[in-house]
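In what follows, a structure is listed as structure tokens, so that the remarks can point back to it.
Keep in mind the model is a prediction, meaning the values are calculated, not measured. Residue numbers run from 1 in the order of the sequence given.
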Amino acid sequence: MHHPCHLNTEGDPLVLLSAVAGATTRIGLVTSVLVLPLYDPVVVAHQTATLDRLSRGRFTLGVGTGWDEAEFAAVGTPFAGRGRRTDEQLDAVRTLWRGQQSRGGAEVRLGVRPRTPGGPPVWVGGHSDAALRRALRYGDAWHGSGLDAAGLAQVRGRLAEFGKEAGRDPATPLELTSGQLLVPPGFEAAVRLSGRRLLGGAEPTAERVRQELRQLADGGLAACSLWLPVAGEALPDALARVAEEVLSRLSGE
């Protein structure tokens with residue numbers, strides 16, 4: 001995995017990652033994931049192009065269609081049809097990154113162009129057939145959540161099948177990425193996690209977490225976002241524990 005861990009936390013992701021970009025120089029930054037149909041694509045294109053430039057090309061836009069109807073109701077956006085709108089928005093954002101786009105009879109141009117040619121990488125989230133096909137059409141990578149090595153193999157097979165149907169060159173398969181929930185040894189979850197798969201199990205050890213990450217990497221996972229659902233005041237210590245006992249021992253592999 002070229003970027004073993006990305007930071008994921010609550011709050012507005014683009015505002016938060018702008019602050020992180022200014023305080024760091026090397027780590028990758030990713031939204032995991034931004035619920036794209038809740039946003040105006042022109043605003044997203046402006047914000048992400050700016051963040052890509054501020055971070056010197058370290059930003060990745062991870063997007064999904066969302067699942068919580070209450071979120072859509074809160075902003076007055078229809079829940080139905082969100083998949084189709086996500087496709088349209090991805091097309092609009094990529095077009096704006098590349099240059100300009102007419103919208104509603106008015107010329108729209110980004111004030112700040114992305115640092116990355118063509119715009120930052122896009123990870124498309126979701127496990128449904130529609131999401132996998134969307135990733136093949138618009139994404140640089142597919143982004144899942146909570147998969148073990150067997151589940152990853154199934155997704156890889158489905159992507160190969162859909163890619164063949166779409167005429168995608170099998171020599172250039174879509175990259176596979178995933179988010180994984182991890183409660184580091186010695187820490188407690190701050191939220192209810194019933195039914196959610198945890199990296200390393202309910203009582204993880206550092207070696208078990210490393211073993212599972214190795215299995216995922218061997219199965220073709222290119223990057224993993226570690227989600228640490230611990231209390232805010234415990235997060236610095238939890239991150240330090242993961243860096244020392246997990247990531248440092250994987251970095252040379």
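P173 has its side chain out of reach of L159: every pair of non-hydrogen atoms, C-beta onward, lies at least 4.5 Å apart. Side-chain atoms of P204 and V209, non-hydrogen and from C-beta on, do get closer than 4.5 Å to each other. In this structure the side chain of D87 reaches within 4.5 angstrom of the side chain of Y138, judged on heavy atoms.
Checking side-chain atoms of E245 against main-chain N and O of T205 turns up no donor-acceptor pair under 3.5 Å. R115 places no side-chain N or O within 3.5 Å of a backbone atom of D52 that could act as its donor or acceptor partner. Side chain of H143 to main chain of A135: no donor-acceptor pair is present (N/O by atom type, distance under 3.5 Å, no hydrogens or angles). A side-chain donor-acceptor contact under 3.5 Å links Q180 to the backbone of L147. Checked by atom type and distance alone, the side chain of R53 pairs as donor or acceptor with a backbone atom of P114 at under 3.5 Å.
Separating the CZ atom in R82 from the OG1 atom in T65 is a distance of 4.5 Å, to the nearest 0.5 Å.
Counting only N and O atoms by type, the side chains of T24 and R58 include a donor and acceptor under 3.5 Å apart. Side-chain contact of W142 with S178: a donor-acceptor pair under 3.5 Å is absent, judged by distance alone.
By the 4.0 Å N-to-carboxylate-O rule, R210 lies close enough to E207 to be salt-bridged with it.
Partners of R197 under the salt bridge (charged side-chain N to carboxylate O under 4.0 Å, His left out) rule, at least two apart in sequence or in another chain, are E212.
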